[in-house]
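All remarks here apply to the structure that follows.
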Amino acid sequence: MITTAEQSPPVRVRFAPSPTGFLHVGSARSALFNWLYARHTGGTMLLRIEDTDTDRSNPELIDMIFRTLEWLGIDWDEEPEHQSRRADRYRAATDELLASGRAYRCDCTRDQIDARAAERGGKPGYDGFCRDRGVAAGPGVVVRFRTPDDGVTAFTDLIRGDVTFPNSDLEDFVIVRANGDAMFLVANAVDDADMGITHVLRGEDLLNVTPKVLLLRHALGHTEDPVFAHLPLIVNEQRKKLSKRRDDVALEDYIARGYLSEAVVNYLATLGWGPPDGVEIRPIAEIIELFDLTQVVSSSAFFDLKKLDHFNAEYIRALAVEDFIERSQRWLLADDAPWPADRYDPAVFAAMAPLVQERVRTLAEVPGYVDFLFLAEPVVDDKSWQKVMVKGHDTAVLMLDAMVDRFATCDWTGAGIEDALFGFGDAQGIKRGQAQAPIRVATTGRSVGPPLLESLELLGRDTTLTRVRAARAALGAT
RNA sequence: GCCCCCAUCGUCCAGUGGCCUAGGACGCCGCCCUUUCAAGGCGGUAACACGGGUUCGAAUCCCGUUGGGGGUACCA
């Protein structure tokens, strides 16, 4: 029996970043959806570096993009294509267009174009002035595509349905710059055809470019159109497209801020799409299996850092402890770690790790939970001190005084410390939350942190006593 | 201005004409648990932009309005 799936040609998709900056969150999402679609359908995932604008491209950034895609777990199937190496193909295409009369040379300056537009009544755009002037090649001369005067260019978008553009709204756009370089649209049309791309999945910001690419493809003799799917934009709280200027869009920054690639990818997958059973956090293999391009929503999605944090915390907690320790190294051993490198003790951190793991949302928060163990003296948080030591002065004095004695002689084990601390506090009728607070602030500097008994045990009797005495002394007589 | 796209809780998704007194998740609020904070458990807050149609019946279909966004380069 022949199914429609078997009749369709194998899926070939591509991610086509332009190396003019780091990998952008929006680009990463496009890459991810292309990849999900390819893996779901058993198709082919291709990469194409759109570096035709040589002035703005940078080879190092290309490598950076590859590495970030790898970090995300997005792989590709064939050697990446580079548009900078295909200039001859674009030249052949534009020559063909020139020869067939579908394109012509133009020597109008921007000012002339604008002046004529103003004369016409403010309607901006090129007016086809040079269409039949027979302009010869030369300095300052570009090549423009002659768009049809009437009719429409339409296509069916997998996400948006039928989209139609009247050809009369399309101006004669530039396809070759004065310096001889082909423009993005030409490269796009030629490459997608040469690479046998069957599905073009990209951001909605490229939607209006589609009729131009289609016109170019048709003029070049390609009668089969690829299937298009324009993904909803990822926006900021102002509902505007994420911008490099005012938003955190560099994926590299999320790595540095302690996000796990699994969490980032999983979160990105929920922007514009959701699994049918509503389970958002799940292994990538399941996402691949469930992914359905036709179910992608058409409205833009807000990049919600709070929700990403939640995903990340879930993924951190799901890590094996050894993995958590391993992945935390980068922040523990960093130059800007809060303690002198020689005071850091891996064994002490390992003992504390399980308790830290279930509390952090990002790996970057890890040092803040254990700094008191590796610092000569705790960093005192002023708000905590005010609340516990000043506002709760009497209880603080009582507990501190008692622990100076009891900690000196009790068993230095979790149970021993517990007995010393709460045995006294309970007898005094002090709630445990109140009883532990002064000791916590005295030894760790803060009123929040990992469980106290384990913390003190690792801190050691001597250091604990030193800090308790110092805090008591800071409170003055009585 | 013109072209194109979009419109369900604050946010991300469910919902594809009756199962919706609209469901889940994040956030937020409360309670429980508890040595702090987390985690966990329980409960709560909160939405179909508006107006016309079509239909026995509309969050779901159509039209309009309003609102938002994207694009309007010799960038991609």
Side-chain angles (χ1 to χ4, degrees), chain A residues 16-20 50-53 55-57 83 106 108-110 113 121-126 140-144 157 159-161 163-166 168-171 173-181 183-185 187-188 202-211 230 232-233 235 237-241 267 270-281 295 297-311 313-314 317 355-361 369 384 388 418 421-422 425 431-437 439-441 444 446-453 455:
Chain A
S18 109
T20 53
E50 308 220 319
D51 51 357
T52 53
D53 188 7
D55 291 347
R56 291 173 51 184
S57 294
Q83 291 190 329
C106 166
C108 295
T109 63
R110 185 74 244 170
I113 294 169
K123 192 180 175 184
Y126 183 68
V141 174
V142 300
V143 177
R144 287 180 183 275
D157 188 293
I159 296 171
R160 282 149 221 290
V163 185
T164 304
F165 293 82
S168 56
D169 287 332
L170 272 19
E171 66 175 354
F173 53 92
V174 173
I175 56 175
V176 181
R177 293 191 269 189
N179 68 5
D181 289 348
M183 294 283 290
F184 151 76
L185 291 165
N188 199 282
R202 52 177 17 167
E204 194 198 340
D205 51 345
L206 261 7
L207 185 62
N208 53 50
V209 123
T210 303
H230 287 92
L233 256 22
V235 300
E237 47 276 273
Q238 271 75 238
R239 296 254 122 212
K240 293 193 193 303
K241 186 172 70 163
Y267 176 64
T270 67
L271 256 29
W273 176 79
D277 60 8
V279 178
E280 295 178 314
I281 298 181
Q295 293 302 301
V297 303
S298 42
S299 48
S300 53
F302 169 57
F303 189 79
D304 189 351
L305 209 55
K306 283 230 181 79
K307 192 154 181 176
L308 206 211
D309 280 347
H310 176 257
F311 274 49
E314 291 275 327
R317 284 192 291 271
L355 300 174
V356 175
Q357 182 178 3
E358 58 182 5
R359 288 172 168 75
V360 294
R361 284 170 309 187
Y369 274 84
S384 297
V388 176
E418 179 177 20
L421 182 60
F422 295 124
K431 282 190 156 85
R432 294 191 164 194
Q434 303 284 309
Q436 59 94 43
I439 308 306
R440 179 183 289 283
V441 173
T444 73
R446 305 187 189 87
S447 54
V448 301
L452 187 61
L453 305 178
S455 296

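In what follows, every chain begins at residue 1, and chains take the letters A, B, ... in the order their sequences are listed.
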Backbone of A/V235 reached by a side-chain donor or acceptor of A/R239 within 3.5 Å: no
Flag, side chain of A/R440 to backbone of A/P450, donor-acceptor distance under 3.5 Å: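 Side chain of A/R440 to backbone of A/P450: a pair is present.
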Residue list, side chain to side chain contact (heavy atoms under 4.5 Å, CB included) with A/V279, at least two apart or on another chain: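 Side chain to side chain contact (heavy atoms under 4.5 Å, CB included) list for A/V279, sorted by chain: A/D277, A/R282.
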Residue list, side chain to side chain contact (heavy atoms under 4.5 Å, CB included) with A/R144, at least two apart or on another chain: A/Y104, A/C106, A/I113, A/Y126, A/V142, A/D172, A/V174
Nucleotide paired to B/G1 in any strand shown, Watson-Crick or G-U, under 3.5 Å: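 Its partner is B/U72 (Watson-Crick or G-U wobble, both distances under 3.5 Å).
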Partner nucleotide of B/G43 by Watson-Crick or wobble geometry (both distances under 3.5 Å): B/C29
Distance, P atom - from B/U72 to B/C20, rounded to whole angstrom: 46 Å
Measure from [atom1] on [X] to [atom2] on [N] and round the result to the nearest Å.
| X | N | atom1 | atom2 | result |
| --- | --- | --- | --- | --- |
| A/F311 | B/G27 | CZ | C1' | 13 Å |
| A/F302 | B/G68 | CZ | P | 18 Å |
| A/D169 | B/C4 | CG | P | 6 Å |
| A/D205 | B/C6 | CG | C1' | 14 Å |
| A/E204 | B/G68 | CD | C1' | 11 Å |
| A/Y267 | B/C12 | OH | P | 8 Å |
| A/F173 | B/C74 | CZ | P | 12 Å |
| A/R202 | B/G71 | CZ | P | 13 Å |

Pairwise 5' ranking along RNA chain B for A/Q434 and A/P276, keeping only the more 5' one: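 Residue closer to the 5' terminus by nearest nucleotide: A/P276.
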Sugar-phosphate only, base, or nothing, as touched by A/R446 at under 4.0 Å among non-hydrogen atoms: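 Nothing: the residue A/R446, judged by heavy atoms under 4.0 Å, touches no strand.
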Touch class at under 4.0 angstrom, heavy-atom based, for A/K240 against every strand present: sugar-phosphate
Would one find a side-chain N or O of [X] under 4.0 angstrom from OP1 or OP2 of [N]?
| X | N | answer |
| --- | --- | --- |
| A/R160 | B/G70 | no |
| A/K307 | B/U11 | no |
| A/R432 | B/U36 | no |

Identify each atom pair where a protein N or O and an N or O of nucleotides 37-43 of chain B are less than 3.5 Å apart, giving names and distance.
residue : atom : partner : partner atom : Å
B/C37   : O2   : A/R359  : NE           : 2.6
B/C37   : N3   : A/R359  : NE           : 3.0
B/C37   : N3   : A/R359  : NH2          : 2.7
B/C37   : N4   : A/R359  : NH2          : 3.2
B/A38   : O2'  : A/E358  : O            : 2.9

